[in-house]
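Labels below follow one simple rule: chain letters A, B, ... track the order of the sequence lines, proteins then strands, and each chain is numbered from 1.
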Amino acid sequence: MSKELTARATDYSQWYNDLVIKGGLADYSAVRGCMVIKPYGYALWENMRDQLDKMFKDTGHVNAYFPLFVPKSLFEAEEKNAEGFAKECAIVTHYRLKTDEANKGKLMVDPEAKLEEELIIRPTSEAIIWNTYKGWIQSYRDLPILINQWANVVRWEMRTRLFLRTAEFLWQEGHTAHATKEEAIAETVQMLDVYADFVEQYMAVPVIKGVKSANERFAGAEDTYCIEALMQDGKALQAGTSHFLGQNFAKAFNVQFLNKENKLEYVWATSWGVSTRLIGALIMAHSDDQGLVMPPKIAPMQVVIVPIYKGEESKATIDAKANSLMQELKSMGIRVKYDNSDHARPGWKFAEYELKGVPVRVAMGLRDIENNVAEVARRDTKEKQSLSFDGLSTTIKNMLDDIQVNIYNKALAFRNENIREANTWDEFVQILDEKAGFVSAHWDGTGETEEKIKEQTKATIRCIPLNNKQETGTCILTGKPSTQRVLFARAY
RNA sequence: CGGGAUGUAGCGUAGCCCGGUUAUCGCGCCUGGUUUGGGACCAGGAGGUCGCAAGUUCGAAUCUUGCCAUCCCGACCA
């Protein structure tokens, strides 16, 4: 009983932390606000990254890499963007240390080595990238530019939470340049769709696609599109954003191109990103009091085989059987581990792999082999059944597919149950306090009202859903006329 | 960054108020053996900058100050 988890009902935050730490995804580090992503967590990220990368390339994008440091003068060029991030920037002011004469064995910042111009550690890369694009774009023939980069960024957050909000995190950021507004908007929407497809089909987390209100919009964007997911505690989580940047960065960095009519025009831009925060979404969408629940498609380990043996002789028999099953599964492209280590007994292994969220566990002992069966347990439903070895690998493959669908459907049902309409202020507050989840309500469209609602309830407008139903109504707070409902929630 | 709590072996902890032999216990770890169908048992053993740094003192895990980190609540956060 070395790894007891806090139950969700007891302390949701602690439950989440326990899963991350005890599940082996990440660890705290010696640096404030920064975490170590451990091999198991990084393997998960690699699977996510590889799939996303494929999807980006399938839509015509290429990868590149831009610097970590952004000179302050470039950073501040697009004013709204700079203002939006100013309060959470790390800044490099010096480039050298020296031994501290007054304190032997210690180092101090060398005051002689002050930088002429401070370097901002990127909280996002629009500035450095648009400064670069300026040199790459002269004519419409140079467009579009469809670049993505996998990188780390730093946002100096006051309060951090593993995966959900850390000072440094890993992400990808796409930055595209287009000749027309229509094309840029189409790109923004296309990438939102890519994100939604990825999160729903691979991470099995249902999302709502929408547009952010002006208050919640990315600093420097004309429009911010987003996917919003719902966690088991009823709080919403922004899982990805795609921004239509208009000509804001083109104007700030003077990026113009000659069109077919030989006239100079400013370039249209987009940017879009998802981060390791998605791992937090995955954890909170599927996991239970026994531990993590990994969606098979991106699980670092899809199947684990645990032998149950008595004595070396039976072990050899089981090893042979298990290895042949493992080879068969591997040849089908399934990520499988045979845990024949002798330092843990089966019961311990069962609990451990449940904690780690491995979708399918196969246990086999002599008794099973004699009967030509294996005990197969699935993590999502905790069902165990004895299944014939004949065609077992195919059975398992189908089971993985079924688990993927099942956990998505389960999360979808939960999400749908937790979207509630509120028509009065009292109703609105009551739902937020007693049920949480998304609240669909009329809003008068002003930032002031949104701000007041946030002050009074801590709920924000998560998004205005795409293809939202238009209906006349009155604002939940002010009673002013409204043309559509928007989704409110308390959010991470 | 404000309020609160915490920091003693990998993890969880006793000791701290009231300073004084060799820092307590459990889990885990190592060795050997018996075991193995839901977190095994016996025996032996290893492992400690008591978060870090100053200070008070003959003597500091214990008292004082500063710093660092983590958690919770706030403020902040596309």
Side-chain angles (χ1 to χ4, degrees), chain A residues 1-6 11-14 16-18 21-22 27-35 80-81 83-89 103 105-106 123-124 126 153 155-162 164-167 169 171 173 211-226 228 238-245 271-275 277 290-291 306-312 314-315 318 340-355 361-369 371 373-375 377 382 384 386 454-455 458 460-463 491-492:
Chain A
M1 285 298 183
S2 63
K3 291 188 174 177
E4 218 155 296
L5 299 174
T6 305
D11 183 343
Y12 192 84
S13 297
Q14 194 55 48
Y16 175 81
N17 286 330
D18 281 1
I21 302 295
K22 293 177 179 170
D27 216 341
Y28 294 112
S29 76
V31 191
R32 183 188 195 91
C34 294
M35 63 191 273
K80 281 186 181 161
N81 185 252
E83 270 175 35
F85 284 106
K87 281 173 289 182
E88 45 184 329
C89 284
N103 204 348
K106 302 289 181 188
T124 181
E126 275 80 1
V153 286
R155 295 178 188 180
W156 211 260
E157 302 289 354
M158 287 304 155
R159 187 173 170 188
T160 60
R161 295 203 64 187
L162 295 164
L164 298 176
R165 190 180 297 108
T166 46
F169 57 93
W171 78 342
E173 46 181 325
V211 183
K212 287 291 186 188
S213 64
N215 286 9
E216 299 282 321
R217 191 180 291 154
F218 176 72
E222 294 290 310
D223 261 317
T224 288
Y225 293 73
C226 62
E228 292 286 327
Q238 177 177 296
T241 48
S242 183
H243 314 290
F244 168 59
L245 302 173
S271 69
W272 28 274
V274 295
S275 71
R277 183 179 225 212
Q290 276 68 50
V306 176
I308 296 159
Y309 54 88
K310 301 182 183 186
E312 282 304 311
S314 64
K315 185 164 183 296
I318 297 164
N340 63 349
S341 59
D342 195 37
H343 50 255
R345 295 166 82 254
W348 191 90
K349 291 177 186 174
F350 292 175
E352 183 66 13
Y353 291 112
E354 273 164 17
L355 170 60
R361 180 187 73 231
V362 179
M364 55 171 81
L366 275 189
R367 204 162 73 205
D368 299 302
I369 291 174
N371 295 322
V373 296
E375 182 195 81
K382 301 195 189 72
K384 284 196 286 198
S386 274
K454 185 180 175 183
E455 278 169 23
K458 289 175 189 165
T460 49
I461 296 176
R462 301 320 301 158
C463 70
Y492 277 98

Test item: Arg277(A) side-chain N/O and Leu164(A) main-chain N/O as donor-acceptor pair under 3.5 Å: yes
Indicate whether OP1 or OP2 belonging to C72(B) is found under 4.0 Å from a side-chain N or O atom of Asn17(A). yes
Would you kindly give the CG-to-C1' distance between Asn340(A) and U36(B), to the nearest whole Å? 14 Å
Once you apply a heavy-atom cut-off of 4.0 Å, does Gly84(A) come out as touching a base, just sugar-phosphate, or nothing? sugar-phosphate
Charged N-O contact under 4.0 Å between Lys212(A) and Glu228(A): yes
Quote, to the nearest angstrom, the C1' distance that separates C71(B) from U24(B). 26 Å
Give me the distance, rounded to whole Å, that separates A5(B) from C63(B) when you measure between the P atoms they each carry. 15 Å
Just to be sure I understand the rule, does Lys382(A) reach a base, reach only the sugar-phosphate, or reach nothing, if contact means heavy atoms closer than 4.0 Å? nothing
Tell me which nucleotide among G37(B), G74(B), C77(B) gets nearest to the side chain of Arg367(A). G37(B)
Distance test, side-chain N/O of Tyr353(A) to OP1/OP2 of G38(B), below 4.0 Å: no
Answer with base, sugar-phosphate or nothing: what part of the nucleic acid does Gln290(A) contact at a heavy-atom distance below 4.0 Å? nothing
Students often get this wrong, so: under 4.0 angstrom with heavy atoms, is Ile21(A) touching a base, only sugar-phosphate, or nothing? nothing
Give none if C77(B) has no partner; otherwise give the nucleotide forming a Watson-Crick or G-U wobble pair with it, both distances under 3.5 Å. none
Rounding to the closest angstrom, what is the interatomic distance between G15(B) and U62(B) at atom P? 15 Å
Taking side chain as C-beta onward, heavy atoms only, is Cys34(A) less than 4.5 Å from Thr166(A)? no
In Watson-Crick or G-U wobble terms, both distances under 3.5 Å, what is the partner of G28(B)? none
In whole angstrom, give me the gap between the C1' atoms of U35(B) and A40(B). 7 Å
Given C76(B), G39(B), C72(B), the nucleotide with the shortest approach to the side chain of Lys87(A): C76(B)
Separation of Arg159(A) atom CZ from G2(B) atom P, in whole Å? 15 Å
Any strand is fair game: report the nucleotide pairing with U49(B) by Watson-Crick or G-U wobble, both distances under 3.5 Å, or none. none
Taking A23(B) as the reference, what is the distance to U70(B) when you measure between their P atoms (whole Å, please)? 31 Å
Options G37(B), C73(B), U70(B), nucleotide nearest the side-chain atoms of Pro346(A): G37(B)
Residue closer to the 5' end of RNA chain B, Gln14(A) versus Asn215(A) (nearest nucleotide): Gln14(A)
If you measure from the P atom in C72(B) to the same atom in U56(B), how many Å do you get, rounded? 39 Å
Go through C77(B), C72(B), U35(B) for me and flag the one nearest to the Arg345(A) side chain. U35(B)
OP1 or OP2 of U35(B) less than 4.0 angstrom from a side-chain nitrogen or oxygen of Lys310(A), does that happen here? no
Tell me the interatomic distance from Lys212(A), atom NZ, to C77(B), atom C1', rounded to whole angstroms. 12 Å
Nearest whole Å is fine: how far is A40(B) P from Tyr309(A) OH? 13 Å
Atom CD of Glu375(A) to atom C1' of U36(B): distance rounded to whole Å? 14 Å
Distance, rounded to the nearest Å, where Lys22(A) contributes NZ and G10(B) contributes C1': 13 Å
N/O donor-acceptor pair, side chain Arg165(A) with base C77(B), under 3.5 angstrom: yes
Taking a pair as Watson-Crick or G-U wobble with both distances under 3.5 Å, which nucleotide is matched to U21(B)? none
Quote, to the nearest angstrom, the P distance that separates G48(B) from U6(B). 27 Å
Of the options C71(B), U36(B), G37(B), whose atoms approach the side-chain atoms of Asp342(A) most closely? U36(B)
Tell me what Arg361(A) touches on the nucleic acid: a base, only sugar-phosphate, or nothing, going by heavy atoms under 4.0 Å. base
Could you let me know what C63(B) is paired to, Watson-Crick or G-U wobble, both distances under 3.5 Å, or none if it's on its own? G55(B)
C41(B) - base-pair partner by Watson-Crick or wobble geometry, distances under 3.5 Å: G33(B)
Heavy-atom side-chain proximity of Pro307(A) to Lys349(A) below 4.5 angstrom: yes
What integer number of Å spans the C1' atoms of C50(B) and A9(B)? 10 Å
Nearest 0.5 Å, please: how far is CG in Asp368(A) from CD1 in Ile308(A)? 7.0 Å
Inter-residue atom distance Phe218(A).CZ - His243(A).NE2, 0.5 Å rounding: 5.0 Å
Gap between atoms CH2 and C1', on Trp156(A) and A75(B) respectively (whole Å): 18 Å
Is there a donor on the side chain of Glu352(A) or the base of G38(B) sitting less than 3.5 Å from an acceptor on the other? no
Side-chain heavy atoms of Thr460(A) within contact of Asn215(A), under 4.5 Å: no
With both distances under 3.5 angstrom, what nucleotide forms a Watson-Crick or G-U wobble pair with U13(B)? none
Using a 3.5 Å distance criterion without hydrogens, assess whether the side chain of Asp223(A) forms a donor-acceptor pair with backbone atoms of Phe244(A). no
Look at Lys382(A) together with Glu354(A) and state whether they make a salt bridge at an N to O cut-off of under 4.0 Å. no
Is any side-chain N or O of Lys458(A) closer than 4.0 Å to OP1 or OP2 of G74(B)? yes
Protein-nucleotide distance (Lys384(A), atom NZ; G38(B), atom P), rounded to Å: 7 Å
Now, which nucleotide makes the Watson-Crick or G-U wobble pair with A69(B), with each of the two distances under 3.5 Å? U6(B)
Judged by each residue's nearest nucleotide on RNA chain B, which is more toward the 5′ side, Arg161(A) or Ala363(A)? Ala363(A)
What is the nucleic acid contact for Gly240(A), judged by heavy atoms within less than 4.0 Å: base, sugar-phosphate only, or nothing? nothing
